[in-house]
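Working notes, beginning with the structure itself.
The first residue in the sequence is number 1, and the count goes up from there.
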Amino acid sequence: MIKVVIADNHVIFRQGLLKLLQAAQDITVAGEAGNGPETLELIAKEKPDLAILDISMPGLDGFEIHEKMKSNGLETKVIFLTVHNDTLTAKKAIQANTSGYVLKDNAFEDLLYAIRAVASGGKFISPSISDKILNFSEKESKNHILTGRESEILRLIASGLTNKQIANKLFISIKTVDTHRTNIMQKLDVHTTADLVRYAIKTGLLEK
């Protein structure tokens with residue numbers, strides 16, 4: 001049997017999840033909690049195989065609970081069950097070495113699969129968020145391909161400056177700016193100034 005605890009500050013959601021998990025023949029729910037301190041106390045007391053945690057909870061959030069678990073030597077593995085479908089939060093969870101990241105709008109079967117995969121020593125990330133992380137990583141890697149000068153010129157292009165204005169600002173020739181512009185487009189595989197602006201916004205070179 002896979003021993004789990006669940007933590008979520010939304011009572012109706014937590015109770016619904018409890019009933020669904022209790023119906024699984026290979027899973028036993030050792031307890032539930034609605035805030036961070038209660039969750040940490042429950043995990044320390046029950047020492048479950050898995051803790052299914054919401055990220056946003058009062059008292060301590062999911063990341064803080066996980067950090068305190070590690071500090072206290074608790075070996076319970078953590079699966080985040082969350083509404084946070086952004087890449088930054090998901091990457092933070094991966095970097096924190098959590099074992100699973102499941103979105104609440106996924107099917108319940110995804111959570112069951114995650115629980116069984118993690119209990120067997122694996123990891124699980126909801127496919128929709130893993131695709132986002134992959135795309136985000138590809139964009140980051142393209143940023144690393146650009147030289148410092150190219151990144152600077154890309155930012156100025158995205159800010160609306162003409163080649164002549166960029167040349168005057170950086171004390172280089174217009175031809176040099178044009179060469180950099182061509183190289184940037186080739187490296188990023190884009191074809192218009194609008195594409196450059198969108199790319200600069202998405203990767204943080206230019207704020208919206």
How long is the gap from CG on N163 to CD1 on I174, to the nearest 0.5 Å? 7.5 Å
What's the separation between atom OG in S71 and atom CG in L40, rounded to the nearest 0.5 Å? 9.5 Å
Start with the C-alpha gap between L50 and V78, add the side-chain angles, then the distance that decides, and say whether side-chain contact (heavy atoms from CB on, under 4.5 Å) holds. CA-CA 6 Å; L50 294 174; V78 168; over 6 Å; no
Within the distance-only criterion (no hydrogens, no angle test), does the side chain of [X] pair as donor or acceptor with the backbone N or O of [Y] below 3.5 angstrom?
X    : Y    : result
Q165 : T162 : yes
S126 : I129 : no
D110 : N106 : no
S159 : L161 : no
K19  : G16  : no
T98  : A93  : yes

Go through it in stages, so that I can follow the logic: the residues are V83 and D105, the test is side-chain contact (heavy atoms from CB on, under 4.5 Å), and I'd like the CA-CA distance, side-chain angles, deciding distance and then a yes or no. CA-CA 7 Å; V83 297; D105 59 4; over 6 Å; no
Residue pair [X] / [Y], side-chain heavy-atom distance below 4.5 Å:
X    : Y    : result
I166 : I157 : yes
T89  : F63  : yes
Q186 : N183 : yes
E64  : E67  : no
I6   : L21  : yes
L170 : T176 : no

Could you go through D49 and K77, starting from their C-alpha distance and side-chain angles, then the distance that decides it, and tell me whether this counts as salt bridge (charged side-chain N to carboxylate O under 4.0 Å, His left out)? CA-CA 6 Å; D49 301 306; K77 295 177 181 178; over 6 Å; no
Begin from the C-alpha positions of K104 and D8 and carry the test salt bridge (charged side-chain N to carboxylate O under 4.0 Å, His left out) through to its verdict. CA-CA 11 Å; K104 285 184 175 179; D8 194 293; 2.6 Å; yes
ILVMFWY cluster, [X] and [Y] together (side-chain gap under 4.5 Å):
X    : Y    : result
L146 : V190 : yes
L18  : F80  : no
L17  : Y101 : no
I79  : I125 : no
I115 : L53  : no

Kindly check if the number of other-residue, nucleotide or ligand heavy atoms within 6.0 Å of NZ (K92) is above 12? no
Step through the shown structure and confirm whether more than 12 heavy atoms of other residues, nucleotides or ligands are within 6.0 Å of NZ on K169. no
T147 and H180 side chains, donor-acceptor separation under 3.5 Å: no
Can you name the nearest heavy-atom pair linking [X] to [Y], along with the distance?
X   : Y   : result
I55 : D61 : O-CB, 3.0 Å
P37 : L60 : CD-N, 3.9 Å
T76 : A51 : CG2-N, 3.5 Å
G36 : M57 : N-CB, 4.5 Å
I43 : M69 : CD1-SD, 3.7 Å
E38 : N35 : N-OD1, 2.9 Å

Where do Y113 and F124 land on the ring-ring contact (aromatic ring centres under 6.0 Å, His included) test, with the steps shown first? CA-CA 8 Å; Y113 185 87; F124 180 88; 5.5 Å; yes
Given the rule in the side-chain contact (heavy atoms from CB on, under 4.5 Å) test, do V5 and E32 qualify, once you have shown the distances and angles that lead to the verdict? CA-CA 6 Å; V5 298; E32 57 177 298; over 6 Å; no
List the steps, then state whether side-chain contact (heavy atoms from CB on, under 4.5 Å) holds for H191 with M185. CA-CA 6 Å; H191 308 288; M185 286 184 162; 6.0 Å; no
In plain terms, say whether E150 and R181 are close enough for a salt bridge, that is, a side-chain N and a carboxylate O under 4.0 Å apart. no
R198 vs D195, salt bridge (charged side-chain N to carboxylate O under 4.0 Å, His left out): CA-CA, chis, key distance, verdict: CA-CA 5 Å; R198 281 192 289 269; D195 289 334; 2.6 Å; yes
